Amino acid sequence: MIWLLILVVAIATYFDLQSHRIPNWITYPAVALSFFWFDSFHLIAITLGILFSLIFANWIGAGDIKLAIAISIWSHILNLSQYWIYFALLLGGIAGLGFRQKSIAFAPYMAAGILAANLARSKGFI
């Protein structure tokens, strides 16, 4: 199942880098597929995603929020480290300051956050 998460994040990263948009046909099926392993974490993740999309709509794109929901749910299902979001925000924030752009493609930083968190977990740092 990890290959599915990697595939979704890789495709989302490609589209985000090309057009600064993540299509719904990537994120909705990833969230929908997770309902086969439904638990209370799904409700929390989806509720927080909707709340964040309403509050932070001017700062982060809706596709990024939906991708973050999918990654959070699948990280929970696959028992992966949830620290990926801290790494993604740190890396994206540094890039945002460094490049001084109005908007950045955030999916690559979420992908890097997943890799960094799982590498840190495998080495015993977290």
Side-chain angles (χ1 to χ4, degrees):
M1 289 310 231
I2 188 84
W3 58 270
L4 184 61
L5 177 63
I6 292 169
L7 181 66
V8 167
V9 173
I11 293 171
T13 297
Y14 172 77
F15 280 102
D16 205 14
L17 287 172
Q18 293 297 319
S19 63
H20 284 253
R21 294 184 52 82
I22 301 171
N24 290 334
W25 61 264
I26 297 169
T27 55
Y28 286 151
V31 172
L33 188 60
S34 69
F35 284 113
F36 288 111
W37 295 274
F38 187 79
D39 65 3
S40 60
F41 182 81
H42 292 79
L43 290 177
I44 294 169
I46 292 170
T47 303
L48 287 175
I50 292 168
L51 180 66
F52 286 154
S53 66
L54 293 173
I55 295 172
F56 300 112
N58 293 333
W59 294 306
I60 189 167
D64 293 323
I65 292 172
K66 288 181 279 190
L67 181 63
I69 291 169
I71 293 171
S72 295
I73 291 172
W74 277 95
S75 294
H76 180 74
I77 291 170
L78 298 171
N79 198 24
L80 302 174
S81 173
Q82 291 288 332
Y83 284 98
W84 68 268
I85 190 67
Y86 300 124
F87 288 109
L89 291 172
L90 179 67
L91 295 170
I94 291 169
L97 289 173
F99 296 128
R100 299 282 184 176
Q101 295 177 346
K102 184 176 178 180
S103 68
I104 61 170
F106 196 64
Y109 300 103
M110 287 191 267
I114 292 170
L115 293 174
N118 288 306
L119 179 65
R121 187 179 74 166
S122 71
K123 299 295 180 187
F125 293 123
I126 54 176

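Note that the structure is a prediction, hence the values are computed from the model and not measured.
S34 OG to I69 CD1: the interatomic distance, rounded to the nearest 0.5 Å, is 10.0 Å. The CD1 atom of I77 lies 11.0 Å from the CZ atom of F36; values are rounded to the nearest 0.5 Å. Here the straight-line distance linking atom CG of L91 with atom CE of M110 works out to 12.0 Å at 0.5 Å rounding. Taking CD1 from I22 and CG from D64, the interatomic distance works out to 4.5 Å, rounded to the nearest 0.5 Å. Here the CD1-CG distance, from I85 to L90, works out to 11.5 Å after rounding to the nearest 0.5 Å. Atom CG of residue D39 and atom CD1 of residue I73 lie 9.0 Å apart, to the nearest 0.5 angstrom.
Taking all atoms of both residues into account, the shortest heavy-atom contact from A70 to A30 is CB-CB, 3.9 Å. Shown here for L43 and T47, the closest heavy-atom pair between the two residues is O-OG1, 2.6 Å.
Hydrophobic cluster membership differs between Y83 and L115, with clusters built from Ile, Leu, Val, Met, Phe, Trp and Tyr side chains linked at under 4.5 angstrom. Under the 4.5 Å side-chain heavy-atom criterion for Ile, Leu, Val, Met, Phe, Trp and Tyr, L17 and I26 are members of distinct hydrophobic clusters. Cluster membership check: L89 shares its hydrophobic cluster with I65, using side-chain heavy-atom separations under 4.5 Å among Ile, Leu, Val, Met, Phe, Trp and Tyr. Both W74 and I2 are assigned to one and the same hydrophobic cluster, defined by single-linkage of ILVMFWY side chains at heavy-atom distances under 4.5 Å. L119 and I71 fall into different hydrophobic clusters, where Ile, Leu, Val, Met, Phe, Trp and Tyr are joined by side-chain heavy atoms under 4.5 Å apart, directly or via other members.
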Audit row: K66, N24, side chain to side chain contact (heavy atoms under 4.5 Å, CB included) steps and yes/no: CA-CA 8 Å; K66 288 181 279 190; N24 290 334; 2.2 Å; yes

Derivation of the side chain to side chain contact (heavy atoms under 4.5 Å, CB included) call for L33 and L4: CA-CA 10 Å; L33 188 60; L4 184 61; 3.1 Å; yes

I6 and I114: CA distance, side-chain angles, deciding distance, side chain to side chain contact (heavy atoms under 4.5 Å, CB included) verdict: CA-CA 9 Å; I6 292 169; I114 292 170; over 6 Å; no

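Applying the ring pair (Phe, Tyr, Trp, His ring centres under 6.0 Å) test to pairs two or more places apart or on separate chains, none has a residue in residues 104-125.
The shortest distance between side-chain heavy atoms of N118 and F87 does not fall below 4.5 Å.
Within 6.0 Å of OH in Y14 there are 12 or fewer heavy atoms belonging to other residues, nucleotides or ligands. Within a 6.0 Å radius of CH2 in W3, other residues, nucleotides and ligands contribute 12 heavy atoms or fewer.
Shown are T13, V8, D16; of these, the side-chain contact (heavy atoms from CB on, under 4.5 Å) with L67 is made only by V8.
Ring planes of F41 and H76: parallel class, angle under 30° (limits at 30 and 60°).
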